[in-house]
Visitor: 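Starting off with a structure, shown below.
Quick note on labels: first sequence line is chain A, next is B, and so on, each numbered from 1. What you see is a predicted model; the values in this text were computed from it and never measured.
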Amino acid sequence: MCSLRSPKTISPTSFWQISTLSTTNLIQDYIRDGNVNDARKLFDENLTSCNTIAWNSMITGHIRHNQMQSAHDLFDRMPVRDVVSWNTMLSGLNKTKNPHKLHQLFLQMNRAGERPNQFTFPTIISGFLNTFDVLVPQLHSLILHLGLHSNIFVGSALMRGYTHLHDHYSLCHVFDDILLKDISTWNALLVGYMDLGFTTEAQMTFNRMPEVNIISWTTLVDGYIKNKKINQARHVFDEMPQKNVVSWTAMIKGYVQQENYTNAIQLFISMLNSNTSPNHFTFSTLLDACAGFSMFLLGTQLHSCILKSGLSQELVLSTSLIDMYTKCGDIKSAFTIFDSMETKNTVSWNSIIGGCARHGLATRALSEFKKMTDENGVKPDHVTYINVLSACVHGGLVEEGEWHFREMVERYGIGKEMKHYTCMVDLYGKAGEVDKAVRLVKEMPFEPDVGVWGALLAGCGLHSCYEVANGLEKLGQNYSSIYNMFIKIHGEKGSWGRVVEMRDRVIKKQKGSSRVELSLGES
DNA sequence: ATAGGGTTAG
């Protein structure tokens, strides 16, 4: 018969165990309530008696509050790490979107002899997507080796991985390997089929699913949109038993992509009428349309809606608004929003610098860039430099442009992309240094695209470099839109025979020309 | 104490 022990019979060791246990429980309670500070205080006070569970809980608490550095410090100081400690750290790194550190920690885990389990793989696979996609089959073989392939979470992660690799066969294979499938598993198959362009298979899958939820419906709608079948998407959308903000936004986005603004706006109004509140995704999508097509009035109306909705502090939305205002020609409003932002990220700075460049405010663009990097310590990315370089183009600042072109690589390790070369070619071309532009095109590690040719020829046209343009003619003949530039140059020279010849080629080749061609040479 | 599906910005 078991009875409660009297305090007298408790030995020092069990006392120790009890106090450890209650400390651990208290820490867990604090963390569950979102109170990291008190948890940490208790943890520090009882540091020597804390067990691995207490350490792990404390790490989880820091990660939940985005205190990755504190989490890392604790992890490094831990006397004993178990698989949960490693998994928790991995998921923390995954949350902060740091694939390289994630990769390193995973390798470290293996080196330390800790065997990954069913919690490890979903985290690392999702973190590896877009960066280490190639490792998916290797991870798969490790998973098979450890006998984790039938796990539902591991399987779903693998399905996403193979979708990214466009491996239709393995996608189905992994799906079949999952023993007990739930609705998320089926949804992952839907996404996979849709992303790989198998709309029929996706529809068939949807039809034979044991149950579907609003995510399955939305996946189907979005999948049809991604595969450019807007009418099918709308058909499914109309059939939906209920809709939420995500499904409305997906459908609106579909129309925006089709440049069907009438339907997009009508749908937005129906959405409001159905008592679904738009969120920042919805507004962002609509603002993007306004920015792309200079719909200033609609843009300002959306701005009012955003102010009323209380979403105006959202970083993404402020950035979309800045972009809309600069592209609609109202740089002043753009700055008003920009200056009122509490936190700014790289994209926010990019949109204001790009806005200045577009408005010909080269000096302002460059001073904002200085503020961004030197005063605020925000790291520029490849888009920042496209904007900085195009500001230099507008200002005719050749030497400054060259300097930034070098700094980009040497100081920030950003690789030179075609767009950056296009800016430099444009910069040299406009400044009359056509020879330098030609040299740059020749030493560029890419096949020049239509933008590079356009920039180069615009430079030739501007400075009447007949000889250079003529020498380039053969090279650029795959691009029909280039011919207009030749017509101008030949015309200036009075070579009317060549003009007529070119014009004939333009007519022959320019069938189905698009907006892109009209905007040649502007970037 | 740790894990997976659908819509954002240049």
Visitor: For A:Lys226, which contact category applies under a 4.0 Å heavy-atom criterion: base, sugar-phosphate, or nothing?
Guide: sugar-phosphate
Visitor: With the 90 degree cut-off around zero defining syn, does B:dG6 come out syn or anti?
Guide: anti
Visitor: On the six-membered ring of A:Phe335, is A:Arg364 placed so that its NZ or CZ lies under 6.0 angstrom from the centre and within 45° of the ring axis?
Guide: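 The answer is yes, since A:Arg364 meets both limits relative to A:Phe335.
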Visitor: Indicate yes or no: at least one non-hydrogen side-chain atom of A:Cys392 is less than 4.5 angstrom from one of A:Phe405.
Guide: no
Visitor: To the side chain of A:Asn213, which of B:dG5, B:dG10, B:dT7 is closest?
Guide: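 In terms of side-chain proximity for A:Asn213, the closest of B:dG5, B:dG10, B:dT7 is B:dG5.
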Visitor: Send over the distance from A:Asn187 CG to B:dT7 P, rounded to a whole Å.
Guide: 12 Å
Visitor: A:Arg160 side chain N/O closer than 4.0 Å to the phosphate oxygens (OP1, OP2) of B:dG6?
Guide: no
Visitor: Which listed nucleotide (B:dA1, B:dT7, B:dA3) is nearest to the side chain of A:Arg64?
Guide: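 Of B:dA1, B:dT7, B:dA3, B:dA1 is nearest to the side chain of A:Arg64.
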Visitor: So, A:Phe237 versus A:Trp248, ring centres under 6.0 angstrom or not?
Guide: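 Close enough - the centres of the two rings lie under 6.0 Å apart.
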Visitor: Under 3.5 Å, which donor-acceptor pairs do the side chains of residues 284-294 of chain A form with other protein atoms, sequence neighbours left out?
Guide:
residue, atom, partner, partner atom, Å
A:Ser284, OG, A:Ser320, OG, 3.0
A:Thr285, OG1, A:Phe281, O, 2.8

Visitor: What's the CD1-C1' distance between A:Ile178 and B:dA3, to the nearest Å?
Guide: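 About 14 Å, once rounded to whole Å.
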Visitor: Ignoring hydrogens and geometry beyond distance, is the side chain of A:Asn244 in donor-acceptor contact with the base of B:dG6 at under 3.5 Å?
Guide: yes
Visitor: May I ask you to verify whether the side chain of A:Ser184 and the base of B:dG5 hold a donor-acceptor pair under 3.5 Å?
Guide: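 By the distance-only test, yes, there is a pair.
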Visitor: Heavy atoms under 4.0 Å, any strand shown: does A:Thr88 hit a base, just sugar-phosphate, or nothing?
Guide: sugar-phosphate
Visitor: I need the NE2-C1' distance between A:His62 and B:dT2, as an integer number of Å.
Guide: 16 Å
Visitor: Kindly compute the distance separating NZ (A:Lys371) from CD1 (A:Ile352), expressed to the nearest 0.5 Å.
Guide: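 Between A:Lys371 NZ and A:Ile352 CD1, I get 9.5 Å after rounding to 0.5 Å.
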Visitor: Within the structure provided, determine whether A:Thr282 and A:Phe268 are in side-chain contact (heavy-atom separation under 4.5 Å).
Guide: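 A:Thr282 vs A:Phe268: side chains touch.
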Visitor: Using a heavy-atom cut-off of 4.0 Å across all strands, would you classify A:Gln28 as base, sugar-phosphate, or nothing?
Guide: sugar-phosphate
Visitor: Using a cut-off of strictly less than 4.0 Å, decide whether A:Lys419 has a side-chain nitrogen or oxygen near OP1 or OP2 of B:dG10.
Guide: no
Visitor: Nearest of B:dT2, B:dA9, B:dG6 to any side-chain atom of A:Asn87?
Guide: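 Nearest nucleotide to the side chain: B:dT2.
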Visitor: Classify the nucleic acid contact of A:Thr52 as base, sugar-phosphate or nothing, counting any heavy atom under 4.0 Å across all strands shown.
Guide: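 Touches nothing.
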Visitor: In terms of ring plane angle, is the pair A:His168 and A:Tyr193 parallel, tilted or perpendicular, where the classes change at 30° and 60°?
Guide: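 Tilted.
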Visitor: Heavy-atom contacts under 4.0 Å between residues 104-128 of chain A and DNA chain B, which residues?
Guide: A:Gln118, A:Phe119, A:Thr123
